[in-house]
Amino acid sequence: MAGPRYLVHTVPETEEYLDDIANDMVTRFRIPLAEAVARINRHWEGKTFDSEDDLIFHEMPEFWADLLYYGAEVPYWDPDADRSKWNPIPAPPADSSAWTL
């Protein structure tokens with residue numbers, strides 16, 4: 001039996017939101033879903049999101065996708081920004097527990 005996809009404590013609404021973030025990374029950055037989930041896990045492993053008031057919901061999925069893909073040094077957050085010269089942070093190492101898919 002497969003284990004959980006996300007290494008965070010969630011309620012169904014939060015898991016759907018994490019799925020939205022992962023799907024945004026897959027669509028915009030053309031990375032595999034497994035990598036998107038691993039990036040989420042690396043960033044939030046061990047955290048608890050159990051309420052609609054959690055900080056995660058104060059930003060749109062695109063914000064989190066940019067942060068998880070490019071790191072904290074995102075030059076500007078405009079959705080239409082030219083990201084062609086931005087460098088993504090490396091995905092978690094292949095032997096990392098963040099890879100759950």
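Basis for what follows: all heavy atoms, side chains included, without hydrogens, waters or symmetry-related copies. A quick note: this is a predicted structure, and the numbers were derived from the prediction, not measured.
Judged as a side chain to side chain donor-acceptor pair (under 3.5 Å), and not counting sequence neighbours, Y69 has no contacts. When the side-chain contact (heavy atoms from CB on, under 4.5 Å) test is applied to P93, the partners found at least two apart in sequence or on another chain are D95, S96. Contacts of W44 classified as ring pair (Phe, Tyr, Trp, His ring centres under 6.0 Å), with partners at least two apart in sequence or in another chain: F49, W64.
Once rounded to the nearest 0.5 Å, the distance linking CD of E59 with CD1 of I21 reads 10.5 Å. The structure places NZ of K47 at 13.0 Å from CG of L7, a figure rounded to the nearest 0.5 Å.
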Check: residues 25-38 side-chain donor-acceptor pairs under 3.5 Å, at least two apart:
from, atom 1, to, atom 2, distance (Å)
T27, OG1, N23, O, 2.9
R28, NE, D24, OD1, 3.2
R28, NE, D24, OD2, 2.8
R28, NH1, D66, OD1, 3.3
R28, NH2, D24, OD2, 2.8
R28, NH2, E62, O, 3.3
R28, NH2, D66, OD1, 3.0
E35, OE2, R39, NE, 2.9
E35, OE2, R39, NH2, 3.0

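A continuous path of hydrophobic side-chain contacts links I40 to F57 [ILVMFWY only; heavy atoms under 4.5 Å].
Between I89 and R42 there is a side-chain heavy-atom pair separated by less than 4.5 Å. Put simply, the side chain of V8 does not reach to within 4.5 Å of the side chain of E45, judged on heavy atoms. With contacts defined as side-chain heavy-atom distances shorter than 4.5 Å, the pair T10/D50 does not qualify.
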Next item on the list: Walk me through it: do L18 and I56 pass the test side chain to side chain contact (heavy atoms under 4.5 Å, CB included)?
Entry: CA-CA 9 Å; L18 295 175; I56 190 173; 3.7 Å; yes
key: Verdict with reasoning, Y70 to N87, per side chain to side chain contact (heavy atoms under 4.5 Å, CB included)   = CA-CA 6 Å; Y70 293 112; N87 295 313; over 6 Å; no
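Listed here is the closest heavy atom pair of A72 and L67: CA-CD1, 3.7 Å. When all heavy atoms are compared, the tightest approach of T100 to P4 is CB-O, 3.6 Å. Heavy atoms only, all atoms of each residue included: R5 and N41 are closest at O-ND2, 3.1 Å.
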